[in-house]
Asks: 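Dropping the structure in here first, questions after.
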Amino acid sequence: MDANYDPQQIEAKWQRRWAELKLFDADADPARRKYYVLEMLPYPSGALHMGHVRNYTLGDALARYMWMKGFNVIHPMGWDAFGLPAENAAIKHGQPPRDWTFSNIEVMRGQLKRLGFTYDWRREIATCTPEYYRWNQWLFLKMYERGLAYRKKSRVNWCPQCETVLANEQVVNGCCWRHEETPVIEKELEQWFLKITEYADRLLEDMKHLVRWPERVLTMQRNWIGKSAGALVQFPVEGCDEPLRVFTTRVDTIFGCTAVFVAPDHPIVEKLIARSKSPHTLRADADRIKASSARARAEVNLEKAGANTGFMARNPFSHELVPVWLANFVVTEYGTGAVMAVPAHDQRDFEFCTTYALPIKTVIVPESKKLKEPEAFVEYGWLVDSGKYSGLGSEDAIQKMTRDAEAQGVGQGTIQYRIKDWGISRQRYWGTPIPMLYCDRCGLVPVPEEDLPVVLPPAVKLTGQGRSPLETVPEFVDASCPRCGGHARRETDTMDTFVDSSWYFYRYTDPQNATAPFSQDAVRYWFPVDQYIGGIEHAILHLIYMRFFTKVMQDIGLVDFSEPVARLFTQGMVLKDGSAMSKSKGNVVDPTEMCEKYGADTVRLYMMFAAPPEKDLDWSDAGIEGAWRFLNRAYRLVAKHQVTLEVLKVGSSGPAPTPQSLNGEERQLLRKAHQVLRHVTEDMEFRWHYNTDIAMCMELANALAESEGAFAAGKICEQVFRAAVELLVISLSPFAPHLADELWEALGHSEPILRVPWPAYDPGLAAEEELELPVQINGKTRAHVRVAVGASEEEIRQLALADEKVMRHLNGKKVVKIIVVPQKLVNIVLGD
RNA sequence: GCGAAGGUGGCGGAACUGGCAGACGCGCCAGACUUAGGAUCUGGUCCCGCAAGGGGUGGGGGUUCGAAUCCCCCCUUUCGCACCA
């Protein structure tokens, strides 16, 4: 064993050996308990960043622990390999997206291997291969068969930078999620959609199974789905044959309705213009307000603005006539695009009506009858001035009035969702071709399953301009109709890459399957994912699509469960100087560089030590130095005593030590070792505050260093010293696996540490026998007394009162009360 | 505006069920070894104070023998949603 720690040499050696031993290959084995550790797969952008390293190190520590606990651990990795950057690189450098992507994968796979993760590389997938994306197409066809994939002309979010459509989830503050400065514009296009709305209720309902998901993620999903129960109510419009339908959750306030507001691009507006006495003014108003509401998407808190249409609508409950106004804050896409204005009980209506001097009529009063001005009273209360409903509570009134509206044919109870169907069409090249054909005679025809995959043509001129690049490839576009044999045109849109990542973790269980997306047996054995780890940024996009896909797969009969992930963990970000690492800020720390300087173990250890995993971690160059020093200390500790310790062959250490057979110094050292093991074990199971586990390992290393004198003097026997060293190596192994294996071998073991069963700590050895109890006077610690663990309350009381420092504080004061909490403390309460 | 999570030394953080605030690491100070040290080792390091002692977990109040931890009010940071009727 070298005197100096050389991580480059050690890590290369162990990575080679692990590979030779196929240590991380996991095969389905019904006789063994399985554990599925999954981390979010990276986009092959060119290089791994520290966020990946943190994510994957977290998973790796868990995977290693689970292996040692005896589980059959599946821990796969792959590449989310379709996407826009590949095309942009192609345009910029003339390198085909495929080449760019695969050369990035090469680099990044190398980086992952350098870090020594426990991946079963036989299961690696890349979503851009036909072998993978044919199953995207297959799943799409299954959805099409069930009416879950459909085409419609719709107003879409279009990013002028990407030159493609964005899903609602990809619009952030009215701008593209990739180009945060670029406002999204609206276009009318024929698009493919997946009917996620049909699953909205199940996505909500099944959250009750996700007890081990962060509440934060569930809340975000709940808000995103945005279920709200209410009523649709019809307001006939005078001088127009079409009534206005409004959606409201507060039909109990309808007697306070003093206007009806419609979105400026509501379909009825054209009809009103046609029938208006001053059509030009009305059109100008509509255009102006439309412009202002479009701006509202990008801006925050735009002022309320509107215009009177001159038309009147009749309240079906009160039969009053109220004016119809255009309003910039009414959202076309939600509900019916029209609302009843109840300024007394809705803050937005209140603001609008105040601005335009529209009447405000109170119809709900709170219990206390006190109304705050000048705000709307938006809570539930009691109805007044509401005809026969006066006197009812809001909740009763909503039910009764909804029923009455239904009976009279002027409305109905309904449920609205904020979530919309998932638009998956992208006018881009580097994605999964949507397997549909447009036959000149038969119309829309799906590609037959046996013709899958529809393969992306390799040579395509990419310009980044205009329409889908696939349209420019005649060999791709021209096809024959599978029904009539006549000429057909291929769909040239490709799928949103979130389709790829919605089911990739199933494919890992059976990555080579050429006849199905996966074998049901494999999934039955490996699923659910026991632990999924990734960034919080995917809380609503990926993590909701993935749940949706599983439910569809359940309905198709591919799987027999409704939720794929039992436990989710969202880790914090890796920052540098308080902000996210980015090329533009020039604050990127490169994992490979760090591995070259310190080795993978140091990088991993530091990542785990610097902060608890759910919190953001600010990278510190000084901090990683500390991790490096610790590993050096651990190495030297073993190197120094290796010759002595190795002589003691494994298993030759005689009977297991018991507290009785040990002297005081031996007990103290072993106690520390077992306390550390206890802490790490318990933390691995529940809490994952790896930073505290590593701190405990450091304490044990410090204790060992302090014991060296006693060891050299023969006061600590070799068996005990060795046992403590071994427990340190084992406890450290999930975090610094290469070093752990090197030290384990140096101690005379031939098995890699991953094959060593995780030891159970000995509660007897871990238990303290004597405690130093704090003695408080009026809640302030003033002294300490040493007591045996089993000391009685009375003994402790006497010891405390006899303490010199305590007596000094007691001087002349009256003892009111003495609280003795065995094993914890003594608190003496003094009077004045 | 609404919702969620935070605020502890010079810094990252620890304190798991109300029971010694500051584990562990970084940094800093002193010393040892050294031609040298950005290596290593030893000791010190919450604040005020020579000390005795006193103060201390964003601020204020409360419950309790005892509060970083529980309750109320306020300030503040980060994240998510943002006219969703």
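Convention: sequence-line order gives letters A, B, ...; per-chain numbering from 1. No experiment lies behind these values; they were computed from the predicted model shown.
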Asks: Scan Tyr356(A), Phe329(A), Trp325(A) and name whichever one has a ring-ring contact (aromatic ring centres under 6.0 Å, His included) with Phe261(A).
Replies: Phe329(A)
Asks: Spell out protein contact along nucleotides 13-21 of chain B as letters: B when the base is contacted, S when just the sugar-phosphate is, - when no protein heavy atom is under 4.0 Å; keep the 5' to 3' order.
Replies: SSSB--BBS
Asks: Heavy atoms only, 4.0 Å cut-off, all strands: where does Gly335(A) land among base, sugar-phosphate and nothing?
Replies: nothing
Asks: Rounding to the closest angstrom, what is the interatomic distance between C26(B) and U42(B) at atom P?
Replies: 12 Å
Asks: Taking the inter-plane angle between the rings of Phe317(A) and Phe255(A) on a 0 to 90° scale, is it parallel (under 30°), tilted (30 to 60°) or perpendicular (over 60°)?
Replies: perpendicular
Asks: Would you say that more than 12 heavy atoms from the other residues, nucleotides or ligands in this model lie under 6.0 Å from the CD of Gln668(A), or not?
Replies: no
Asks: Is it true that Glu614(A) and Arg216(A) have a side-chain N and a carboxylate O under 4.0 angstrom from each other?
Replies: no
Asks: When the C1' atoms of G80(B) and G10(B) are considered, how many whole Å apart are they?
Replies: 33 Å
Asks: To the nearest Å, how far apart are Glu351(A) CD and A85(B) P?
Replies: 16 Å
Asks: Nearest whole Å is fine: how far is A82(B) C1' from Arg418(A) CZ?
Replies: 9 Å
Asks: Among Phe630(A), Tyr690(A), Tyr65(A), which residue satisfies the ring-ring contact (aromatic ring centres under 6.0 Å, His included) criterion with Phe735(A)?
Replies: Tyr690(A)
Asks: Mind calculating the distance between CZ (Phe247(A)) and P (A85(B)) to the nearest angstrom?
Replies: 6 Å
Asks: Check the distance between C79(B)'s C1' and Arg216(A)'s CZ and give it to me in whole angstrom.
Replies: 6 Å
Asks: Taking the P atom in each of G55(B) and G49(B), what is the distance between them to the nearest angstrom?
Replies: 16 Å
Asks: When the C1' atoms of G9(B) and C28(B) are considered, how many whole Å apart are they?
Replies: 13 Å
Asks: Is the phosphate of G25(B) approached by Asn702(A) (side-chain N or O, under 4.0 Å from OP1 or OP2)?
Replies: yes
Asks: In whole Å, what is the span from the NE2 atom of His538(A) to the P atom of G80(B)?
Replies: 13 Å
Asks: Could you give the CD1-to-C1' distance, from Ile415(A) to C84(B), as a whole number of Å?
Replies: 15 Å
Asks: Regarding Glu794(A) and Arg797(A), does a basic nitrogen lie under 4.0 Å from an acidic carboxylate oxygen?
Replies: yes
Asks: For the side chain of Arg604(A) and the backbone of Arg54(A), is there at least one donor-acceptor N/O pair under 3.5 Å apart?
Replies: no
Asks: Within a radius of less than 6.0 Å around CD of Glu685(A), do more than 12 heavy atoms belonging to other residues, nucleotides or ligands occur?
Replies: yes
Asks: G12(B) and G62(B): how far apart are their C1' atoms, nearest whole angstrom?
Replies: 34 Å
Asks: Just how far, in rounded Å, is P of A82(B) from CD of Glu333(A)?
Replies: 12 Å
Asks: Identify the stems formed by RNA chain B, where each pair is Watson-Crick or G-U wobble with both distances under 3.5 angstrom and a stem is at least 3 consecutive pairs.
Replies: B:1-7 with B:75-81, B:10-12 with B:24-26, B:27-32 with B:40-45, B:46-48 with B:53-55, B:58-62 with B:70-74
Asks: Provide the distance between the two P atoms, one in G44(B) and one in G22(B), to the nearest whole Å.
Replies: 15 Å
Asks: With syn defined as a glycosidic angle within 90° of 0 and anti as everything else, classify G12(B).
Replies: anti
Asks: How far does the P atom of G27(B) sit from the matching atom of C16(B), given to the nearest Å?
Replies: 28 Å
Asks: Out of Thr362(A), Thr354(A), Ile360(A), which residue meets the side chain to side chain contact (heavy atoms under 4.5 Å, CB included) rule with Pro343(A)?
Replies: Ile360(A)
Asks: Looking at the rings of His679(A) and Tyr761(A), which for Trp means the six-membered one, are their centres under 6.0 Å apart?
Replies: no
Asks: Give Thr248(A) one of three labels, base, sugar-phosphate or nothing, depending on what nucleic acid heavy atoms sit under 4.0 Å from its own.
Replies: sugar-phosphate
Asks: For the side chain of Lys817(A), starting at C-beta, report the closest nucleotide among C65(B), G80(B), C83(B).
Replies: C65(B)
Asks: Is the phosphate of G54(B), meaning OP1 or OP2, less than 4.0 Å from a side-chain N or O of Arg782(A)?
Replies: yes
Asks: Between Asp618(A) and Lys576(A) (salt bridge meaning N to carboxylate O under 4.0 Å), is one present in this structure?
Replies: no
Asks: Please list each protein N or O that sits under 3.5 Å from an N or O in nucleotides 39-43 of chain B, with the distance.
Replies:
unit_1 : atom_1 : unit_2    : atom_2 : d
U40(B) : O3'    : Arg636(A) : NH2    : 3.4

Asks: Check this for me: Arg782(A), atom CZ, are more than 12 non-hydrogen atoms of other residues, nucleotides or ligands nearer than 6.0 Å?
Replies: yes
Asks: If I take atom CD1 in residue Ile624(A) and atom P in nucleotide G27(B), what distance separates them, rounded to the nearest angstrom?
Replies: 13 Å
Asks: Roughly how far apart, to the nearest Å, are A4(B) and A14(B) at atom C1'?
Replies: 24 Å
Asks: Taking the nucleotide of RNA chain B with the nearest heavy atom to each, does Gly623(A) or Gly337(A) sit closer to the 5' end?
Replies: Gly623(A)
Asks: In terms of side-chain geometry, is the basic nitrogen of Lys420(A) or Glu333(A) positioned less than 4.0 Å from the acidic oxygen of its partner?
Replies: no
